[in-house]
Amino acid sequence: GAGVSQTPSNKVTEKGKYVELRCDPISGHTALYWYRQSLGQGPEFLIYFQGTGAADDSGLPNDRFFAVRPEGSVSTLKIQRTERGDSAVYLCASSPRGSPASGELFFGEGSRLTVL
Amino acid sequence: QKEVEQDPGPLSVPEGAIVSLNCTYSNSAFQYFMWYRQYSRKGPELLMYTYSSGNKEDGRFTAQVDKSSKYISLFIRDSQPSDSATYLCAMPRGGSNYKLTFGKGTLLTVNP
């Protein structure tokens, strides 16, 4: 597709459940990022992939959060034992290469997660 | 003190007005400054990118950086209803252009 695609667009789950959020970056983009945007806040960095490997996972809040990108394209963000505080919009972004000179990240529309 | 402070608004102006959006920051190591625009239920999109102090103009948009005051601004001339969105300032940290620190965003409504 033309842009970053994220599924599902909305996810409602119960506290303690496991959730997977998927991101399909722009074709040809080698760098992929996950950000989290809580209500009324700006996005916060979670993790950066260059190719298949996580080059920087310093933003993951705890070990309940994990992300993979096994073939260097689609990425999945996995959240175990969800908590109400995990409710947010999870944004995926991509760029042609890591650390883009212009700082331009191409964001998807996000997956809105609600934990009841 | 948060690294980036931005008044969340909301800001409501009539069509044709000049809009001024601002952020302050505390980390003097920030060297690059960005403005992203985010429409409701959409992802942010890059609007302006500046490196040094001074002004940068792109159509109706002007980005201004004052590093001595740690203050950045975005001006929108001849504002249009289609400019109604949340405007987020952002700065890369740690020398990595992908690890952006965002302000909270200012919600702007331009009324026809």
Side-chain angles (χ1 to χ4, degrees), chain A residues 1-10 21 23-26 29-51 54-60 88-112, chain B residues 2-11 21-25 27 29-52 56 58 63 65 72 74 85-108:
Chain A
V4 176
S5 177
Q6 292 189 246
T7 54
S9 55
N10 281 284
L21 307 175
C23 172
D24 196 347
I26 293 171
H29 282 194
T30 61
L32 184 146
Y33 319 87
W34 285 98
Y35 277 73
R36 177 170 71 174
Q37 187 171 23
S38 300
L39 191 63
Q41 305 294 317
E44 293 179 306
F45 170 79
L46 295 178
I47 188 168
Y48 154 51
F49 284 92
Q50 181 57 50
D56 184 348
D57 65 358
S58 61
L60 293 177
V89 176
Y90 289 81
L91 294 163
C92 178
S94 68
S95 64
R97 63 196 64 80
S99 203
S102 69
E104 182 167 17
L105 306 185
F106 295 85
F107 283 90
E109 295 191 351
S111 291
R112 184 175 300 270
Chain B
K2 295 196 76 172
E3 279 191 303
V4 179
E5 300 275 5
Q6 183 176 12
D7 185 342
L11 183 62
L21 304 165
N22 311 291
C23 287
T24 59
Y25 62 96
N27 189 342
F30 287 148
Q31 297 184 50
Y32 299 85
F33 307 92
M34 302 159 196
W35 286 96
Y36 275 79
R37 177 175 62 194
Q38 186 173 25
Y39 290 111
S40 180
R41 302 243 168 199
K42 301 292 186 182
E45 56 179 341
L46 183 66
L47 199 57
M48 299 282 284
Y49 170 85
T50 56
Y51 170 66
S52 59
K56 180 178 181 179
D58 184 1
V65 174
I72 67 171
L74 178 71
T86 296
Y87 290 80
L88 298 146
C89 60
M91 296 151 209
R93 50 189 163 99
S96 304
N97 276 354
Y98 60 84
K99 193 184 290 186
L100 302 179
T101 299
F102 283 88
K104 286 186 175 184
T106 300
L107 177 60
L108 170 68

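We use all heavy atoms of the structure for the numbers below, so side chains are in, but hydrogens, waters and symmetry mates are not. The sequence lines fix the lettering, A, B, ..., with proteins before strands; numbering per chain opens at 1.
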Approximate separation, where rounding is to 0.5 Å, of C89(B) SG and L47(B) CG: 12.5 Å
Side chain / backbone / both / neither for Q6(A) at chain B, heavy atoms under 4.5 Å: neither
F45(A) and Y35(A) aromatic ring geometry - parallel, tilted or perpendicular at 30°/60° bounds: perpendicular
Which atoms of F106(A) approach chain B - backbone, side chain, both or neither, heavy atom under 4.5 Å: neither
E3(B) (side chain) donor-acceptor with T101(B) (main chain) under 3.5 angstrom: no
Side chain proximity check, Y51(B) to Q31(B), heavy atoms < 4.5 angstrom: yes
Structural part of P8(B) lying under 4.5 Å from a heavy atom of chain A: neither
Interface moiety of Q6(B) toward chain A, non-hydrogen atoms closer than 4.5 Å: neither
Leading residue by heavy atom contact count with chain B [cutoff under 4.5 Å; candidates S38(A), C92(A), G40(A), G110(A)]: G40(A)
Contact check, side chains of L21(B) and L11(B), non-hydrogen atoms, under 4.5 Å: yes
Contact class of S9(A) relative to chain B, heavy atoms under 4.5 angstrom: neither
